[in-house]
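Note on naming: letters A, B, ... go to the chains in the order of the sequence lines (proteins, then strands), and numbering restarts at 1 for each one.
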Protein chains: 2
Amino acid sequence: MRQNPARRTALLDAAIDVLARDGSRGLTLRAIDAAASVPTGTATNYFRDRDDLLGQVMRRTRERLAPDPAVVERTMRAPRDAKLVAELMRQLVDRMRADRASNLAMLELRLEATRRAALGDELGGFLTAEHTELIDFHLGAGLPGDRIGVALLYFAMSGLLLDDLTLPAIPDQYRTDELVATLVARVLSAPR
Amino acid sequence: MRQNPARRTALLDAAIDVLARDGSRGLTLRAIDAAASVPTGTATNYFRDRDDLLGQVMRRTRERLAPDPAVVERTMRAPRDAKLVAELMRQLVDRMRADRASNLAMLELRLEATRRAALGDELGGFLTAEHTELIDFHLGAGLPGDRIGVALLYFAMSGLLLDDLTLPAIPDQYRTDELVATLVARVLSAPR
DNA sequence: TTCTGACCACTGCAAGCGCAGTGCTTTAGC
DNA sequence: GCTAAAGCACTGCGCTTGCAGTGGTCAGAA
């Protein structure tokens, strides 16, 4: 097993591209080699088997999709109101649109996770942790809304991003800004 | 090209099972034959090529996931309030959970549609039509909420169903009924 | 008898994997 | 600064797997 971290990352990024372009069906060690412009057989030296590969790809996509802490810090200087939440959501959408490949790869991995127990456990662990963190961050930062409201926000954003990625014809009918602003305003409103 | 409709449907249902079990990666004509318990080579006689197959599979999943008109009719006898919308949403979730295979197949098809233009157009047409119908039905039936509210409801349910399908650990943290009821109450509330 | 679909066997093709072998580069030890 | 050793990049090959497609036979219905 080779250790060169730069090369490993390059291979993983290539794998994400392949996954986005050709799907799980097209993801082979040779295809990764080609996408990364390295000699045939290189990927074989870096990944034990498909499970190992998918696990590493998953971790890499998490890295790539994570928000820049500096940007978060800067954004969070604003007052804790719905406008700020909407801004955070808009940044989320922008981030996802800017790295469409990682997002598509994540979807492929989600599906793959339904049939590979090991991957499912790992992905499940990561995403539930992320989900919990999101809620804790939101409530801890004093942003408006209750626990269930934040969860609903999360689900709605998931759905929006799913369509944005795979069937843009639907979200394209709306103005994203308006959609997000309305969603935040309503879903985080106090229960009556 | 063979015409026997019963056999064709059986093959398509088998294809949906294969798609759910093994993903796009595992979907081959031979795999369909095996899953449908018909002799090797049969599926070849029913599908011109992969595009043709995927298109037919897509149409079949739409059929399988469509609500029973009788149930809808019965449900719609109730007064037009948020409770009724919540009930409709709950029925949606139940319907999706009852046919997990079709749903997973649809997700696979969504991803496949991002790389096959023909499938993308077809799927896009179907789903945008469905989305428009949903909104028209909702508003036409005098259910509470405005256009954007219904769209948000749609996105949130998509997200919820996506997680329910691929990462149940997250939605399992909540009571579905409560989630749906709260979502409906808030997202369809009149703008202030 | 004729037509349609079911069934089956065979061929040919393509792709991927894993491995082994070679040569280069870097590091460590002295 | 030299030498030895280890790690890594690169290459090619053999093997296996698995699929698509074709053509031909058989059975049943019109």
Legend entry - Length of the line joining A:Leu11:CG and D:dC10:P, which is rounded to integer Å: 11 Å
Legend entry - Rounded distance in Å - CZ (A:Arg48) to P (C:dC17): 16 Å
Inset, instruction - Verify the contact: side-chain N or O of B:Thr42 to OP1 or OP2 of C:dA6, cut-off strictly under 4.0 Å; return yes or no. - result: no
Inset, instruction - Using only heavy-atom distances, determine whether the side chains of B:Ser102 and B:Arg95 contain a donor-acceptor pair under 3.5 Å. - result: no
Legend entry - Phosphate-side-chain proximity, A:Thr44 and C:dC17, N/O vs OP1/OP2 below 4.0 Å: no
Legend entry - Distance test, side-chain N/O of B:Tyr46 to OP1/OP2 of C:dG5, below 4.0 Å: no
Inset, instruction - If the plane angle is over 60° it's perpendicular, under 30° parallel, otherwise tilted; pick one for A:Phe155 and A:His131. - result: tilted
Legend entry - Neighbour count above 12 (heavy atom, 6.0 Å) for B:Arg147 CZ: no
Legend entry - Whichever of B:Gln3 and A:Phe47 has its nearest DNA chain C nucleotide further upstream toward 5': B:Gln3
Inset, instruction - Specify the separation, in whole Å, of atom CG of A:Asp22 and atom C1' of C:dA15. - result: 14 Å
Legend entry - Gap between atoms CZ and P, on B:Arg50 and D:dA20 respectively (whole Å): 8 Å
Legend entry - Of B:Arg2 and B:Thr28, the one whose closest DNA chain D nucleotide lies more 5': B:Thr28
Inset, instruction - Could you state the atom-to-atom distance from CG of B:Leu29 to P of C:dC8 in whole Å? - result: 17 Å
Legend entry - Backbone of A:Tyr46 reached by a side-chain donor or acceptor of A:Arg8 within 3.5 Å: yes
Legend entry - Spacing of B:Asn45 atom CG relative to D:dG24 atom P, expressed in whole Å: 15 Å
Legend entry - Distance below 4.0 Å between A:Asn4 side-chain N/O and D:dA9 OP1 or OP2: yes
Inset, instruction - Give a yes or no on whether a donor-acceptor pair under 3.5 Å exists between the nucleobase atoms of C:dG18, that is its base, and the side chain of A:Arg30. - result: yes
Legend entry - Side chain B:Arg80, main chain B:Met76, donor-acceptor under 3.5 Å: yes
Legend entry - Phosphate-side-chain proximity, A:Arg7 and D:dC10, N/O vs OP1/OP2 below 4.0 Å: yes
Inset, instruction - Could you state the atom-to-atom distance from CG of A:Asp49 to P of C:dC17 in whole Å? - result: 11 Å
Legend entry - Nearest-angstrom distance from the residue atom CG of A:Leu27 to C1' of C:dA15: 14 Å
